[in-house]
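Worksheet: the structure to be examined is printed underneath.
The first residue in the sequence is number 1, and the count goes up from there. Counting starts at 1 for both ligands and their atoms, in listed order.
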Amino acid sequence: MSEQDNLEELGKSALARVAQAATSAQLDEIDTEYLGRKGELTLQLRKIGSLPADQRKDFGQAVNDIKVRITDAIEARKKTISGGEIDAKLAAEAVDITMPGRFYRIGRPHVLVQTLAKIKDIFIRLGYEIVESPEVESYHYNFEALNYPLDHPAIDEQMSFYINDERLLRTHTTAYQHRQMEKRKPPIMVCTMGKCYRVDAVDATHNHTFHQVDCFCVDRGITMADLKGTLYQFAVEMFGADTNIRFRPDFFPFVEPGAEVAVTCSICAGKGCNVCKGSGWLELAGAGMIHPNVLRGAGIDPEEYTGFAFGFGIDRMPMVQHGIDDMRLFMDNDLRFLRQL
Ligand code: PHE
């Protein structure tokens, strides 16, 4: 085979490979293989010196000719391929605007927050001002100012979480009462709500942390009838128009007389069921007329003013309402449970 034929073969196979190349990377490889510093055509050019003088010109031209054809073919092929590559890339990245959207779960208030919000709304409409009060409370406001005798069991470390000799986690929201009395003058109508803490064996119906609501009212001429009217109104709005209330004597150091208040069981409408243990009533609140010692301690003359107070836990309300048998579920933060409420 002559040098010329050899060259033709080389050119043909290079062009055939270019035509078959599928990616720009393959084209780059072909480029180096033929036209690179050690490429096939470059090697051909180096042969020129060893040829007879009269053949050099033609041979040189032929090599250059092929070089140009291969270069052009690579360029052209690159354009086609990269066009296709861009199309493919665009197609792969395309957004299908006809697809249905993705739904994101949105949060909702915790069931206890929902309950508190409903209660808050009722008391605001009854004329109460909602106030905040500290959860870390002094022995004074939690017990002493509320007329607790020194030997009352609740004062014991076994029943309350003390932070030091002076401070503890409030055991009831009633701790706010004296704080409010000290900075206000009658008529006073305030309400607070929030977390309370007691040392308690945790089970399905008891927790060390629970939520209470407390209200009190002080003015001239306030009687137990006002207390009953207020709690009745609350019960009707909270549990429904057919709800009734029942008062029974009870003792709390900071009220006299004191009462335990129950409401018609909303599950059986008072007929008796397993939720109310057959009685038809559910315990709601502790209540009473504010003890004269408590008023006096805050500089309010009990001869001139009287007041009522009541307080209740709220954690049982959604339990009854939704038929939940374990109080701990409210504080476990298991979303599979909370999302249902
Ligand atoms: N603080 C009492 C309790 O925790 C409830 C209560 C409040 C009773 C106000 C009477 C008056 O049980």
Side-chain angles (χ1 to χ4, degrees), residues 112 116 119 123 126 128-131 133-135 137-149 152-156 159-161 168-181 188-200 205-219 222-232 234-235 238 245-263 282-295 297-298 300 302 305-317 327:
L112 293 176
L116 283 170
I119 296 170
F123 286 123
L126 285 171
Y128 286 83
E129 183 183 332
I130 314 291
V131 298
S133 203
E135 286 176 26
E137 190 49 281
S138 67
Y139 167 81
H140 173 74
Y141 286 118
N142 198 83
F143 295 125
E144 201 176 35
L146 291 173
N147 200 37
Y148 273 78
H152 193 284
I155 294 174
D156 200 290
M159 303 199 71
S160 304
F161 291 109
L168 71 159
L169 298 180
R170 66 177 175 192
T171 61
H172 53 177
T173 39
T174 317
Y176 87 124
Q177 199 179 94
H178 228 248
R179 287 178 173 274
Q180 294 297 321
M181 279 183 191
I188 309 172
M189 285 174 86
V190 283
C191 171
T192 196
M193 44 191 68
K195 286 191 171 72
C196 300
Y197 307 84
R198 284 180 202 173
V199 178
D200 214 343
T205 52
H206 298 86
N207 212 338
H208 46 72
T209 304
F210 52 96
H211 301 78
Q212 280 194 339
V213 173
D214 246 83
C215 289
F216 79 93
C217 166
V218 177
D219 200 358
I222 296 292
T223 71
M224 202 130 182
D226 299 304
L227 170 62
K228 288 181 88 171
T230 301
L231 280 170
Y232 177 71
F234 170 74
M238 190 71 193
I245 54 170
R246 181 190 73 184
F247 273 58
R248 283 177 163 182
D250 201 351
F251 175 79
F252 301 94
F254 38 94
V255 287
E256 182 57 40
E260 164 225 285
V261 185
V263 291
L282 291 173
E283 247 179 63
L284 173 72
M289 300 307 291
I290 299 173
H291 199 288
N293 288 350
V294 175
L295 290 173
I300 298 172
Y305 293 101
T306 49
F308 65 74
F310 57 88
F312 52 87
I314 66 131
D315 302 69
R316 301 235 165 106
M317 292 179 181
M327 184 179 266

Keeping [X] on the side-chain end and [Y] on the backbone end, is there a donor-acceptor pair under 3.5 Å?
X      : Y      : answer
Glu260 : Asp250 : no
Thr173 : Met193 : no
His178 : Val294 : yes
Asp214 : Thr192 : no

With heavy-atom distances below 4.0 Å as the criterion, list the atoms of ligand 1 near [X].
X      : value
Phe252 : 8 (C), 10 (C), 12 (O)
Asp214 : 7 (C), 9 (C)
Gln212 : 3 (C), 4 (O)
His172 : 1 (N), 4 (O)
Phe310 : 7 (C), 9 (C), 11 (C)
Ala287 : 8 (C), 10 (C), 11 (C)

Exactly one of Arg170, Lys195, Arg179 should register a salt bridge (charged side-chain N to carboxylate O under 4.0 Å, His left out) with Glu137. Which one does? Arg179
Checking ring pair (Phe, Tyr, Trp, His ring centres under 6.0 Å) against Phe310, which of Phe254, Phe123, Tyr232 comes through? Phe123
For [atom], what's the nearest protein heavy atom and its distance?
atom                   : result
atom 6 (C) of ligand 1 : Gly286 O, 3.6 Å
atom 1 (N) of ligand 1 : Thr174 OG1, 2.7 Å
atom 7 (C) of ligand 1 : Gly311 N, 3.2 Å

If we set the cut-off at 4.0 Å for heavy atoms, which region of Arg198 has an atom near ligand 1: side chain, backbone, both, or neither? side chain
Measure the distances from the heavy atoms of Phe254 to every atom of ligand 1 and state whether one is below 4.0 angstrom. yes
So is Gln177 in contact with ligand 1, going by heavy-atom distances below 4.0 Å? no
Aromatic ring centroids of Phe234 and Phe312 under 6.0 Å? yes
Measure centre to centre between the rings of Phe252 and His172, then say whether the value is under 6.0 Å. no
